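Note that ligands are numbered from 1 as they come in the structure, with each ligand's atoms numbered from 1 the same way. Source: prediction; values computed, not measured.
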Amino acid sequence: TGLSRPQRILKAVQKNAKKGDPQSVIAAIDHYCRHKEWAMNVGDDKGLILDSVVMEVNPSSALELGTYCGYSTVRIARLLPAGSTLITVEFNPHCAVIARQIIAYAGLQDKVKLMEGPSGDLIPKIKEQFGITSFDFVFLDHWKDRYVPDTKLLEECGLLRKGSVLLADNVICPGAPEYLEYVRNNPRYETRYFPSNLEYTKVEDGLEKSVFLG
Ligand SMILES: O=C(NCCCCCn1ccc2cnccc21)c1cc(-c2ccc(F)cc2)cc(O)c1O
Ligand SMILES: [Mg+2]
């Protein structure tokens with residue numbers, strides 16, 4: 001029965017953005033999702049906070065849990081220094097198909113590796129598969145009840161080092177209360193909340209930035 005929402009987002013990118021121009025891809029998605037139909041991209045308001053944290057960390061190795069259509073993948077990858085890698089994990093094969101096309105349209109395919117499957121299964125395979133020792137930066141934007149188990153899994157797999165920065169989307173809406181509890185009451189994390197709003201709305205949301213202390 002017609003195109004899916006991710007397919008409509010891809011069409012908007014192909015129609016309104018310039019190939020190889022990540023900023024125009026971001027703008028095309030934001031315009032479509034603000035004026036035509038809402039979608040669960042991190043969006044332009046929280047996106048500015050994401051950008052500033054990525055620029056501050058300047059990661060050589062980055063992980064994103066929850067690709068969706070690749071909007072935040074493009075936001076992060078466009079800021080990465082040459083030679084660095086962003087691994088992004090997507091559970092839904094249809095979203096992965098769309099995200100690969102949007103990432104390629106932005107010209108960022110050489111910086112991004114998209115893994116399909118559940119984070120709990122894939123995280124333990126990252127070291128051997130990509131030869132990554134640890135992540136400088138992790139963006140959590142997948143199932144909100146997976147933020148805590150996957151953070152623990154990253155610790156257990158030795159994928160976090162002293163100074164690794166975790167940035168979690170949606171800690172207010174839809175909410176990740178167990179995650180806030182975990183990082184705010186854990187001596188191994190230095191954590192701070194960045195207030196903002198739910199993408200393309202006036203509803204309160206925000207990002208929690210947590211530095212792993214080792
Ligand atoms: O649910 C959200 N995201 C997660 C989508 C599904 C992830 C599935 N998935 C991907 C990788 C992966 C790896 N392992 C396991 C599962 C995995 C989300 C929702 C809202 C939202 C929705 C309605 C509303 F009224 C208000 C807010 C806003 C956001 O910004 C969001 O991010
Ligand atoms: Mg989100």
Examine R146 against ligand 1 and note whether any of their N/O atoms are separated by less than 3.5 Å.
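R146 vs ligand 1: no N/O contact under 3.5 Å.
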
Do any nitrogen or oxygen atoms of D141 lie less than 3.5 angstrom from nitrogen or oxygen atoms of ligand 1?
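Between D141 and ligand 1 (N or O atoms, distance only) the closest approach is under 3.5 Å.
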
Closer than 4.0 angstrom, basic N to acidic O: yes or no for K144 and D141?
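The answer is yes: the pair qualifies as a salt bridge.
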
[atom] - nearest protein heavy atom and its distance:
atom	value
atom 3 (N) of ligand 1	K144 NZ, 3.4 Å
atom 19 (C) of ligand 1	P174 CG, 3.7 Å
atom 5 (C) of ligand 1	M40 CE, 3.5 Å
atom 8 (C) of ligand 1	W143 NE1, 3.6 Å
atom 24 (C) of ligand 1	W38 CH2, 4.5 Å
atom 9 (N) of ligand 1	F91 CB, 3.5 Å
atom 31 (C) of ligand 1	N170 OD1, 3.2 Å
atom 30 (O) of ligand 1	E199 OE2, 2.5 Å

D30 side chain to Y200 side chain, donor-acceptor N/O pair below 3.5 angstrom:
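There is such a pair (donor and acceptor under 3.5 Å, judged by atom type) between the side chains of D30 and Y200.
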
Do E90 and Y68 meet the criterion of a side-chain donor-acceptor pair at a distance under 3.5 Å?
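There is no such pair (donor and acceptor under 3.5 Å, judged by atom type) between the side chains of E90 and Y68.
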
Distance filter under 4.0 Å to [X] heavy atoms, resulting ligand 1 atoms:
X	value
P118	14 (N)
L198	26 (C), 27 (C)
G66	10 (C), 11 (C)

Name the orientation class of the two ring planes belonging to F139 and F137 (parallel below 30°, tilted from 30 to 60°, perpendicular beyond 60°).
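It falls in the parallel class, under 30°.
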
If the plane angle is over 60° it's perpendicular, under 30° parallel, otherwise tilted; pick one for Y189 and F212.
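The arrangement is tilted - the two ring planes meet at 30° to 60°.
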
With rounding to the nearest 0.5 angstrom, report the CD1 to CE distance, I76 to M55.
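Taking CD1 in I76 and CE in M55, the distance rounds to 12.0 Å.
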
Considering only heavy atoms, does D169 approach ligand 1 within less than 4.0 Å through its side chain, its backbone, both, or neither?
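Answer for D169: side chain.
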
Non-hydrogen protein atom less than 4.0 angstrom from atom 14 (N) of ligand 1:
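Looking at atom 14 (N) of ligand 1, one finds that a protein heavy atom does lie closer than 4.0 Å.
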
Is there side-chain contact between [X] and [Y], with heavy atoms separated by less than 4.5 Å?
X	Y	answer
Y32	R8	yes
N170	M40	no
K209	L50	no
S61	D136	yes

Restricting to pairs with a member in residues 105-125, which pass ring-ring contact (aromatic ring centres under 6.0 Å, His included), not counting sequence neighbours?
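Listed by first then second residue: nothing to list.
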
Please identify which of these residues, D150, L140, T88, L154, meets the side-chain contact (heavy atoms from CB on, under 4.5 Å) condition with L63.
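Only match with L63 under side-chain contact (heavy atoms from CB on, under 4.5 Å): L154.
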
side-chain contact (heavy atoms from CB on, under 4.5 Å), paired with L166, selected from Y147, F135, Y179:
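Only match with L166 under side-chain contact (heavy atoms from CB on, under 4.5 Å): Y179.
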
Take the Mg ion (ligand 2) and tell me which protein N, O or S atoms are nearer than 2.8 Å.
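Protein N/O/S atoms under 2.8 Å of the Mg ion (ligand 2): D141 OD1, D169 OD2, N170 OD1.
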
